[in-house]
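A quick write-up on the structure given underneath.
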Amino acid sequence: MNKGGSLLGYFILLLLVTGQVRGQIKKTKEKANFEILEAQIAKQTTDSLKLKTARSCLLTSRYQSDTLGMANAYFFLSKLDTHNKLVYADSLIAITKDKRYKEYPANGYLLKGNYSYEQGNYQQALELYLTASKYAKQNGNEYLYRTLKFNIGLLKNAAGDREEAKVIFVDYINFLEQNPHFKTPNNYNSVLFALADAYVHSKELDQAKEYIDKGIFETLKTDDIPLYSYLIVTSGIHQYLSKNYNEAIDSLEKGKKIILQADDLKTRVAACDYYIARAYQDIGETEKSIHYFKNVDSTLKETEVVIPELMDTYDYLISYYKSKGDSQQQIEYINTLLKLDSIKDVNQLYLTKNISERYDTAELIFEKEQLIDQLEQEKFLKENTITILMVFLGGLVILVVYGFWRSTINKKRFLVLLEKQKHKEQNTRGLTTVVAQEYNKEEIDIPGGVVKSILDKLHVFESSDKFSKKHYTLNSLAKELNTNSAYLSKIINAYKHINFANYLNNLRVDFAVGQLTTNKSLRSYTIKAIAEEVGFKNAQSFSSAFHKRTGIYPSYFIKQLNNKN
């Protein structure tokens, strides 16, 4: 036995354990300081006394040069003094930015991010959440990290990625239920509302009702008035989608009244007005409907917070004043729609791109680093080399089997793709043209003649190959087809069953498949050159879209084509 090696291992292990103990003592002290102040504030009977307690703690901590005490005071002051919450959050960040506290400065960035989110400034909210997440990971705060992931889910929900958002919300609620020491009325009620909202907007009404009912029960039990009001509004939207219009109006009016009393959040009020207007429209009370649509317009113009689901407010207003022959009002609402539509597109593009590129990629890198750290620790602590070797060999076998399986799957996908290309008609790109009889007025609220006209124009566009030569946006294609972006987006979603970006990518991928199959010289191009030839900006976006559409990468497709010939 190598005594020197064993002794060295013993001392290293002792250092590790000592470091962990010291770290745990530090975390315990931080938690105790926070909980003492929290208890002192909680026992005060009025808001003014709570504020006085937090300010007193701040002064005492300053006198004692106690940075952690000041940070805790700033945190509670930002919660209690809402008019100055950003000032306190900035002060919190400034004094803790170079510290390694478990809660700070991450909580300061979270406070600011939540404020930006509530104001509809999703771009700024994302930046703040990403920064907070970095500090939460760095300082080992799992609960805060999970909470920030939940907030990123809210942004994904706002960006329209409802399926991904629901996965995050379910993961968060499971985390809280499995770790009851982290579960509070506020975070639990918040995730119930988030799930209810996501399912309602996905029109999965049975699941939505389950979370609405549970959320209302929990918020009443914990006297959580703000979230109770949001759930009442969500219940009203659920009633509207279930075509219970009078019940919807009652719930929405009730929710709106509570919101105005509790926090006066204008965007929430606008959502109430919008669905009340839709309900009155559907029961034939047009004048009442227009009154509420005008309320929505006023809020959107005042705040310039663009909520995509509220944008067809302007379709109703423009149509109403057209029926009245009031050209001046039509022009005013058309100009407002165009202005807000451009803001919506910028925000949507920013969120979709940055959540995907910056958050999702960062998460993958973080998981990879965790796996690497875990392997390093196992390598250091384990002495049984044979076991490690067996694990390695087992992994190698799995990789070989996986590689063979993947090769077989890719080969099948290649052959299926060739077969589809073989039977594809010359004048199509493999996308279905929907006949006029298939459109559902209740679903997308666009006149049948307009739907048919736009579908016919899309069919011509799909057959023209122009998508491979010119950079298109939703707005530029809408302009070319003599329609507006809202109509075009709805029709593509309803009849092509994909969003605009994926619709355009699929056209280009199908075009690339056809060209590569028939044009041998094109196969000698680089992937970047092929991408540019069929309308993509770069090789990465082309490869990603090609794989999403076909299940294989273009490099593999070209290789198999060349081998076949």
Side-chain angles (χ1 to χ4, degrees), residues 352-353 356-357 360-361 364-365 367-368 392-433 458-473 477 492 496-565:
T352 304
K353 180 176 185 293
S356 175
E357 288 186 1
D360 293 346
T361 302
L364 285 173
I365 292 171
E367 288 177 15
K368 175 185 171 185
F392 173 77
L393 289 174
L396 191 60
V397 170
I398 291 169
L399 284 174
V400 170
V401 172
Y402 175 81
F404 178 79
W405 174 78
R406 174 57 61 188
S407 176
T408 303
I409 293 294
N410 285 344
K411 185 72 173 178
K412 286 180 180 178
R413 288 174 178 169
F414 169 75
L415 294 173
V416 168
L417 193 56
L418 276 191
E419 192 66 17
K420 284 182 180 177
Q421 185 61 32
K422 181 179 176 182
H423 291 91
K424 193 178 291 180
E425 296 179 3
Q426 284 187 334
N427 64 339
T428 66
R429 298 295 165 212
L431 294 173
T432 305
T433 301
L458 282 175
H459 184 55
V460 173
F461 171 72
E462 292 163 9
S463 305
S464 68
D465 297 347
K466 286 199 294 185
F467 50 80
S468 68
K469 309 298 180 187
K470 178 182 174 183
H471 174 64
Y472 278 97
T473 64
L477 181 57
I492 288 174
K496 308 298 181 180
H497 307 297
I498 47 177
N499 61 30
F500 174 75
N502 287 329
Y503 165 73
L504 203 58
N505 283 347
N506 286 352
L507 286 175
R508 289 168 175 165
V509 168
D510 289 351
F511 180 68
V513 169
Q515 291 294 302
L516 289 168
T517 304
T518 56
N519 186 351
K520 290 185 180 180
S521 62
L522 185 62
R523 299 175 206 163
S524 63
Y525 289 18
T526 64
I527 296 298
K528 181 181 178 183
I530 296 170
E532 291 172 353
E533 190 73 18
V534 299
F536 285 90
K537 287 184 177 179
N538 54 59
Q540 184 180 358
S541 60
F542 171 56
S543 293
S544 176
F546 196 102
H547 186 269
K548 184 176 180 181
R549 178 72 166 159
T550 66
I552 57 177
Y553 288 100
S555 55
Y556 179 87
F557 181 66
I558 293 168
K559 181 181 177 181
Q560 293 300 312
L561 282 174
N562 289 334
N563 289 343
K564 191 172 184 297
N565 294 333

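Position 1 is the first residue of the sequence, and the numbers go up from there.
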Exercise. Evaluate the side-chain proximity of Ser543 to Ile527: yes if any heavy-atom separation is below 4.5 Å, no if none is.
Key: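 Of all side-chain heavy-atom pairs linking Ser543 with Ile527, at least one is under 4.5 Å.
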
How close do [X] and [Y] get, counting heavy atoms only, and between which atoms?
X: Phe467; Y: Glu462; value: CE2-O, 3.4 Å
X: Ala531; Y: Asn538; value: CB-O, 3.6 Å
X: Leu458; Y: Leu477; value: CD2-CD2, 4.4 Å
X: Leu516; Y: Arg523; value: O-NE, 2.8 Å
X: Val534; Y: Arg508; value: O-CG, 3.2 Å

Exercise. Under the ring-ring contact (aromatic ring centres under 6.0 Å, His included) rule, collect the residues that match up with Tyr525, sequence neighbours excluded.
Key: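 Tyr525: no ring-ring contact (aromatic ring centres under 6.0 Å, His included) contacts found.
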
Quiz item: ring-ring contact (aromatic ring centres under 6.0 Å, His included) with Tyr472: which residues, sequence neighbours excluded?
Solution: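 Scan of Tyr472 (ring-ring contact (aromatic ring centres under 6.0 Å, His included), adjacent residues dropped) gives Phe461.
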
Self-check item: CA sep, side-chain torsions, deciding dist, call: Phe557, Thr517, side-chain contact (heavy atoms from CB on, under 4.5 Å)
Solution: CA-CA 9 Å; Phe557 181 66; Thr517 304; 3.7 Å; yes

Of all residues at least two apart in sequence or in a different chain, which pass the side chain to side chain contact (heavy atoms under 4.5 Å, CB included) check with [X]?
X: Asn502; result: Ile498, Asn499, Asn505, Lys548
X: His497; result: none
X: Ser468; result: Asp465, Phe511
X: Lys528; result: Thr526, Glu532, Ala539

Quiz prompt | Any donor-acceptor N/O pair, Arg413 side chain to Ile552 backbone, under 3.5 Å | solution =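 Side chain of Arg413 to backbone of Ile552, a donor-acceptor pair under 3.5 Å: no, none is there.
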
